[in-house]
Colleague: 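After the structure tokens below, expect a handful of questions from me.
Just so we're on the same page: letters track the sequence lines, and every chain starts at 1.
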Amino acid sequence: MTWVNAELAERFDEIAALLELTDADRHRVRAYERAAEAVRAASADLSELPRAELTAVPGVGRSTADKIAQHLDTGRIDLLEELRARVPEGVRELTRVPGLGPKTAMRLHDELGVDSVEDLRAALDAGRVRELSGLGTKSEERLRAGLDRLGAKDQQRLPVAEAHAVAEALCAALAGRDDVVEVVAAGSLRRLRATVGDVDVLAASETDAAPIHAAFRDLDLVAEVLVAGERKTSVLTRRHLQADLRVVSPQAWGAALVYFTGSKAHNIRIRERAVRRGLTLNEYGLARSDDASLVASRTEADVYAALDLAWIPPTLREDTGEVEAADTTDGRAPTLPRLVEPADLQGDLHGHSDWSGDGKASLPAMLAAADEGGLSYWAVTDHAVGLPMNGIDAEGFARRREAIAAARETTALAVLDGVELNILGEGALDFDDDVLARFDWCVAAIHTQLEQDAATQTERILQAIANPFVNAIGHPTGRRLGQRPGYDLELEAILQACAETGTALELNGSPSRLDLPTDLARRAVDAGVWLTISTDAHATHELANLAWGARYAQRAWVTPEQVLSCQPVERVRQVVAEKRERLA
DNA sequence: GCCGTTTTCGGCCCGACTGTTTTCAGTCG
């Protein structure tokens, strides 16, 4: 069983997409999109919520509630089945072509019988597309280019750290110019989504924007110019990542930053709020609707304040409750969380040394780097023997224990004698309990047999959680960003077991993982489960992963109180001891 | 289809760019 909210959200997204193709009222389409977002973000399991309370979810009305009930009862939604029957599968496929939207896709189907991407290519080759009214040779070229990009690398989202590197280079190139007073990367990069589809660069200039756009188009990093306007430029970088540039006056900086940071859902939400206050919000400012006089624009905080909102951290801007929490109407106190910051982390509870095969640095080197990074404790969790090639056996860990004792003499850090255990096929671990009992801290993680179904993976993890010496589940979903999705888990059962036993879930800060995903992390802390934010560092420079992990955790509304590695080492030892006492 | 300091109807975020449109529709973000 997968998380029913996610399943319902997919159904509503599909309904919205199909409705758009059938030329339904756009507000009705938008209503289903909002319902999908609302259902996806809901922290309560909708199958357990009393039916009468479904409409209490903002964005879910009577009609949507009925469809949720129908899905839960019968596994199908009549409207969706009806729409699927009306819209050929091939037409939906066409809308994945960049630059080809629902209107044109339907016309291609109705007027030319185009029913698939292959059909479209054939129709283009035969010169039939340009015969349609309103479509000419330029449209033909655009569709051909779209077909070439379909499925190409630039259609995929990049892990945020890779996109960050591209953005840094683009920003640096503009920051050196005399006519640029400010430049940042906004968009999903600033919101720290785990993967990024394009880089949104915002620059401020007192003078003419044209030379800045021209310079942007001419950068060495740019492979192709997609859009070249007076106010907006879009390019494809050599890294196969799209990048957009907007240039505004410093006067408009705050409004533009809000607009360009998004998310789209957040922007729509606050623009609606503006309308209800007789105001209009766009990227140039917040203005009165009647006489267009400017109310706020220079800083983000100005814009939010004029909407009776506290400034909202970018990592929360997903329309999942942040606008309500920021409300200051009538002197109300905002209830935004005090989000975890990198500086809140006191220790790192998952890292490697060259004692195990894939570690790149010695234990003293890792400890020195952790110390320099401002931490007060570090758990060295080298791989155990079950991981072929890499792991250490019990005798090896005994020898390492001597090395740890020696290292403790030379560092101010508290060093935890740790291990990263392998959760084996049936949920067994590498060592018996008498060996495990000698460690200060045990992370258990799945590294093999990633293809099993949700029930099997869940059972393996539950077995590990039930062990009195397992203190955290490492990279819980096993996802590798840009490479493979995580395995399905029955998270409710895992959260319940973690809460009952005092076992933490790791938020792995490696930019290739960022695992737990946001929605799972938010449900974990809501369920009262400890989170650890860890580096999984295999080299000294990877201790910087703590910052990625902490900032990513903000997206799940995580506060320092909910993170075990934000507590002093004494508290960590206490949590370890309590679980042993409870389960031994 | 949802929603309400215009609350059971009549609205619904806003703008840039492109192409073929002589005044705007489609697409995107």
Colleague: If you assign each of A:R34 and A:R107 to its closest nucleotide in DNA chain B, which residue comes earlier from the 5' end?
Modeller: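 On the 5' side of the pair lies A:R34.
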
Colleague: Expressed in angstrom and rounded to an integer, what is the separation of A:D25 atom CG from B:dC12 atom C1'?
Modeller: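 Answer to the nearest Å: 9 Å.
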
Colleague: Tell me whether the guanidinium CZ or amine NZ of A:R551 lies under 6.0 angstrom from the six-membered ring centre of A:W548 and within 45° of its axis.
Modeller: yes

Colleague: What is the distance, rounded to the nearest whole Å, between atom CG of A:L189 and atom P of B:dG29?
Modeller: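 In whole Å, B:dG29 P and A:L189 CG are 16 Å from each other.
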
Colleague: Under 4.0 Å, heavy atom to any atom of DNA chain B: which of residues 54-75 of chain A qualify?
Modeller: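 Residues of residues 54-75 of chain A under 4.0 Å from DNA chain B: A:P58, A:G59, A:V60, A:G61, A:R62, A:S63, A:T64.
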
Colleague: One thing to verify: whether A:R128 and A:D119 come together as a salt bridge, which I'm taking to mean a side-chain N less than 4.0 angstrom from a carboxylate O.
Modeller: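 Salt bridge flag = no for A:R128 with A:D119.
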
Colleague: Under the 3.5 angstrom rule, does the side chain of A:R271 hit a backbone N or O of A:N282 as a donor-acceptor pair?
Modeller: no

Colleague: Salt bridge between A:D220 and A:R238, side-chain N to carboxylate O under 4.0 Å?
Modeller: no

Colleague: Answer with base, sugar-phosphate or nothing: what part of the nucleic acid does A:F260 contact at a heavy-atom distance below 4.0 Å?
Modeller: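 The residue A:F260 makes no contact with any strand.
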
Colleague: Report the distance from atom CG of A:L80 to atom C1' of B:dG1, rounded to the nearest whole Å.
Modeller: 16 Å

Colleague: Using atom C1' of each nucleotide, how far apart are B:dT21 and B:dG26 to the nearest Å?
Modeller: 11 Å

Colleague: Counting heavy atoms from C-beta on, name the nucleotide in B:dG29, B:dG26, B:dT5 closest to the side chain of A:Q242.
Modeller: B:dG29

Colleague: Using a 4.0 Å heavy-atom cut-off across all strands, classify A:I270 as base, sugar-phosphate, or nothing.
Modeller: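 A:I270: no heavy atom of the nucleic acid under 4.0 Å.
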
Colleague: With rounding to whole Å, what would you report as the distance between B:dG11 and B:dT6 at their C1' atoms?
Modeller: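 10 Å, rounded to whole Å.
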
Colleague: With a 4.5 Å cut-off on side-chain heavy atoms, are A:R523 and A:E492 touching?
Modeller: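 Yes, close enough: below the 4.5 Å cut-off.
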
Colleague: To the nearest angstrom, how far is A:E33 atom CD from B:dC13 atom P?
Modeller: 12 Å

Colleague: Given atom NZ of A:K103 and atom P of B:dT27, what is their separation to the nearest angstrom?
Modeller: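 Going from A:K103 (NZ) to B:dT27 (P), I get 7 Å.
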
Colleague: Pairing of DNA chain B as dot-bracket, 5' to 3': ( ) intra-strand, [ ] crossing, | other strand, . unpaired, with Watson-Crick or G-U pairs under 3.5 Å?
Modeller: ((((....)))).((((((....))))))

Colleague: Answer yes or no: does atom CZ of A:R62 have more than 12 heavy-atom neighbours from other residues, nucleotides or ligands under 6.0 Å?
Modeller: no

Colleague: Report the C-alpha separation of A:D23 and A:K103 in whole Å, then their side-chain angles, then the decisive distance to 0.1 Å, and conclude whether the salt bridge (Lys or Arg N to Asp or Glu O under 4.0 Å) test is met.
Modeller: CA-CA 8 Å; A:D23 204 24; A:K103 293 285 187 291; 3.3 Å; yes

Colleague: If you measure from the C1' atom in B:dG4 to the same atom in B:dG15, how many Å do you get, rounded?
Modeller: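 Rounded to whole Å, the distance is 27 Å.
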
Colleague: Whole angstrom is fine here: how far is it from CZ in A:R26 over to P in B:dC2?
Modeller: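 For the pair A:R26 CZ and B:dC2 P, the rounded distance is 17 Å.
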
Colleague: Take atom C1' in B:dC9 and the same atom in B:dC14, then report the distance between them in whole Å.
Modeller: 24 Å

Colleague: Reading nucleotides 14-23 of chain B from the 5' end, what letters show protein touch, with B for base, S for backbone sugar-phosphate only, - for no heavy atom under 4.0 Å?
Modeller: BSSSSSS---

Colleague: List the steps and the verdict of salt bridge (Lys or Arg N to Asp or Glu O under 4.0 Å) for A:R144 and A:D125.
Modeller: CA-CA 10 Å; A:R144 266 186 216 286; A:D125 289 343; 2.9 Å; yes

Colleague: Atom CG of residue position A:D25 - does it have more than 12 heavy atoms of other residues, nucleotides or ligands inside 6.0 Å?
Modeller: yes

Colleague: Determine the Euclidean distance between corresponding C1' atoms of B:dT8 and B:dA16; express it in Å to zero decimal places.
Modeller: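 Comparing C1' positions in B:dA16 and B:dT8 gives a spacing of 38 Å.
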
Colleague: For atom CZ of A:R51, decide whether the heavy atoms of other residues, nucleotides or ligands shown that lie under 6.0 angstrom number more than 12.
Modeller: yes

Colleague: Around atom CZ of A:R288, are there more than 12 heavy atoms from other residues, nucleotides or ligands closer than 6.0 Å?
Modeller: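 No, because the 6.0 Å sphere around CZ of A:R288 holds 12 heavy atoms or fewer from other groups.
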
Colleague: Does A:R217 reach the side chain of A:V222, with side-chain heavy atoms less than 4.5 Å apart?
Modeller: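 SC-SC contact between A:R217 and A:V222 ruled out.
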
Colleague: Give me the distance, rounded to whole Å, that separates B:dT18 from B:dG10 when you measure between the P atoms they each carry.
Modeller: 40 Å

Colleague: Looking at A:E230, I'd like to know if its CD atom is crowded, meaning that more than 12 non-hydrogen atoms belonging to other residues, nucleotides or ligands lie closer than 6.0 Å.
Modeller: no

Colleague: Taking B:dC17 as the reference, what is the distance to B:dC12 when you measure between their C1' atoms (whole Å, please)?
Modeller: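 So the two C1' atoms sit 24 Å from each other.
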
Colleague: Roughly how many Å apart are B:dT20 and B:dA25, using the P atom of each and rounding to a whole number?
Modeller: 16 Å

Colleague: Nearest whole angstrom, please: distance from the P of B:dC3 to the CZ of A:R273.
Modeller: 16 Å

Colleague: Whole Å only: how far is the CG atom of A:D319 from the C1' atom of B:dC2?
Modeller: 14 Å

